[in-house]
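Following: one structure in structure tokens, then a few remarks.
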Amino acid sequence: MKVDGKIGIGQAIMVMMLTIGITNHVTVIPLLLSKAGRDAWLSVLLAGIPFSLWVYLLFVINRRIKQQALYEWLQQRTGNIVSHLLLTPIMICLYLMALTNLIDTQTWTTVNYLPRTPEWVTAFALMGLCVLAAIGGMTSVGITAGILLPVVVLLGFFIAFGNIPKKDYSLLLPLFQNGIRPLLLGMLYVGGGITELFLLLLLQHHVRKPLRLVHYFVMLGITLLLTLSPLTGAIAEFGPVESARQRFPAFEQWRLLTIGKDIENMEFFSIFQWLSGAFIRITICLLLLGELLTIQTRKQRKYTILFLGGSMIAFTSLPFSDMQFISFLTHVYYPLYFVIMIIVTLALILISLRKPSKQEGIGHDP
């Protein structure tokens, strides 16, 4: 194994699967079901069509960057002011990605298996591990993802096939009972999950070989599948009405799983799945935030990551209810994230297509 501070393409895809998988399993599905109901699964399929174009634009940007760090490339092509205007909303999105996942993890842990443990203890334990991993660098994150993902995937197949006798796929029909509006609203939230593929642009300079177009479309397909599989499973097992009432429908499916008459209550497997995804997601966000803040020394970056992690723990301690948090995700976070990523992508496309001046061309030379 090469020791160069970089990861392979396979490791990058594994990191992305865990990072995006947790939000598409946990956060997106309840919002989809509440807005689109039975039509939610069709929203996922149809969202893949327009977002194929968006993924292609990401690849075009990636090819123009030529494995240079995005913040360095932007600074060379546009200068400090424009680069900061584009990077600031990206950093806000990264911070919120980590924070919302930490809050979700905290809530799920309290509701499911640690009801008497103070929530700040849960947040502190998880964030402590994430901070240590982020300080360790991308190589350690890639290796960890390579260890965790195979187990997470096997458990996913286990729950998907183990619950087949309890599924009634006729509950996926009929469609459009409430018109086309729920379908379009569902596509908005699916788009919020898909646009997290923007992380590939932020990670690509950590990958040994350039990412090709096929890698971007593979990740799009995986993202859609990670949403569609637990979503259809929830509707088929609980029905569109009951699944929409559930806070974590993807993980409620573990409560139904039994092996014969003597083995049941296997939802403890879901703890491993959830914490694996949450750990990688928060770690990646902290690591990328440390880079985008362009802190030069390793010591300063370490303290910055510590501060970011501590501030997230402080935010989770604020007095807000889970209903207020869901309302924030529904009306602020996902619509805002969706709009920011689309605007930033279009801006990067325009910058990448602009012919560089001679001075900019010199800046690219080693």
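The aromatic ring centroids of W108 and Y113 lie less than 6.0 Å from each other.
No chain of hydrophobic side-chain contacts below 4.5 Å, direct or via other Ile, Leu, Val, Met, Phe, Trp or Tyr residues, connects L53 to F217. Hydrophobic clustering places L155 together with F268 (ILVMFWY residues linked when any side-chain heavy atoms are closer than 4.5 Å, directly or through intermediates). In terms of hydrophobic clustering, with Ile, Leu, Val, Met, Phe, Trp and Tyr side chains grouped at heavy-atom distances under 4.5 Å, L225 and L220 are assigned to different clusters. Clustering ILVMFWY residues whenever any of their side-chain heavy atoms sit less than 4.5 angstrom apart, transitively, puts V111 in a cluster other than the one holding L102. Taken together through direct or relayed side-chain contacts under 4.5 Å among Ile, Leu, Val, Met, Phe, Trp and Tyr, I271 and L256 form parts of separate hydrophobic clusters.
Distance alone, capped at 3.5 Å, places no donor-acceptor pair between the T88 side chain and the L85 backbone. Of the possible donor and acceptor atoms, none in the side chain of H206 sits under 3.5 Å from a partner among the backbone N and O of I7. Without hydrogens or angle criteria, T107 side chain to I103 main chain gives a donor-acceptor distance under 3.5 Å. Under a 3.5 Å cut-off, the side chain of Y333 and the backbone N or O of F325 do not form any donor-acceptor pair. The closest donor-acceptor contact from the side chain of T100 to the backbone of M97 lies under 3.5 Å.
Around NZ of K66, the count of heavy atoms belonging to other residues, nucleotides or ligands within 6.0 Å does not exceed 12. For L353, the CG atom counts as densely surrounded, since its 6.0 Å shell holds more than 12 non-hydrogen atoms of other residues, nucleotides or ligands. The number of heavy-atom neighbours closer than 6.0 Å to NZ of K302, taken from other residues, nucleotides and ligands shown, is 12 or below. By the 6.0 Å contact criterion, OH on Y56 is open, its count of non-hydrogen atoms from other residues, nucleotides or ligands being 12 or less. In F315, the CZ atom is not crowded: 12 or fewer heavy atoms of neighbouring residues, nucleotides or ligands sit closer than 6.0 Å. Sparse packing is recorded around CZ of F307, with 12 or fewer heavy atoms of other residues, nucleotides or ligands lying under 6.0 Å away.
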Salt bridge (Lys or Arg N to Asp or Glu O under 4.0 Å) assessment of R247 paired with D104: CA-CA 10 Å; R247 180 65 174 85; D104 249 342; 2.7 Å; yes
Side chain to side chain contact (heavy atoms under 4.5 Å, CB included) assessment of I351 paired with L86: CA-CA 11 Å; I351 293 169; L86 290 174; 3.6 Å; yes
Trace of the side chain to side chain contact (heavy atoms under 4.5 Å, CB included) decision for L231 with L33: CA-CA 8 Å; L231 176 62; L33 287 167; 3.6 Å; yes
Working for side chain to side chain contact (heavy atoms under 4.5 Å, CB included), residues N62 and L58: CA-CA 6 Å; N62 179 83; L58 283 187; over 6 Å; no
CA sep, side-chain torsions, deciding dist, call: I259, M266, side chain to side chain contact (heavy atoms under 4.5 Å, CB included): CA-CA 9 Å; I259 300 178; M266 287 181 289; 3.7 Å; yes
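When only modelled atom types and interatomic distance are considered, Y95 and S311 share a side-chain donor-acceptor pair under 3.5 Å. Side-chain atoms of T23 and Y334 include a donor-acceptor pair closer than 3.5 Å.
Considering all non-hydrogen atoms of both residues, S43 and L183 come closest at OG-O, 2.9 Å. The minimum heavy-atom distance linking L70 with L201 is given by the pair CB-O, 4.4 Å. Across every non-hydrogen atom of I29 and N24, the tightest pair is CG1-O, 3.1 Å. The shortest non-hydrogen separation linking G156 to Q273 is N-NE2, 3.4 Å. Listed here is the closest heavy atom pair of V141 and L287: CG2-CD1, 4.3 Å. When all heavy atoms of K35 and P182 are compared, the closest pair comes out as O-CB, 3.5 Å.
Residue H205 is tested with E291, K6, Q68 for a side-chain hydrogen bond (donor to acceptor under 3.5 Å, both in side chains); the sole match is E291.
Counting only heavy atoms from C-beta outward, the side chains of L148 and F272 approach each other to under 4.5 Å. Side-chain contact between R77 and V82 is absent, with no heavy-atom pair separated by less than 4.5 Å.
Within the model, atoms OG1 of T316 and CD of Q106 stand 4.0 Å from one another, a figure rounded to the nearest 0.5 Å. Here the CD1 atom belonging to I61 is positioned 4.5 Å from the CG atom belonging to L348, to the nearest 0.5 angstrom. Rounding to the nearest 0.5 Å gives a distance of 11.5 Å between CG of L293 and CD of Q300. Taken to the nearest 0.5 Å, the CZ atom of F158 stands 4.5 Å off from the CG atom of L257. Atom-to-atom distance recorded for F198:CZ and W54:CH2 is 7.5 Å, nearest 0.5 angstrom. Atom CZ of R281 is separated from atom SG of C130 by 11.5 Å, given to the nearest 0.5 angstrom.
Relative orientation of the F124 and W120 rings is perpendicular, given thresholds of 30° and 60° on the angle between their planes. Relative orientation of the F157 and F161 rings is parallel, given thresholds of 30° and 60° on the angle between their planes.
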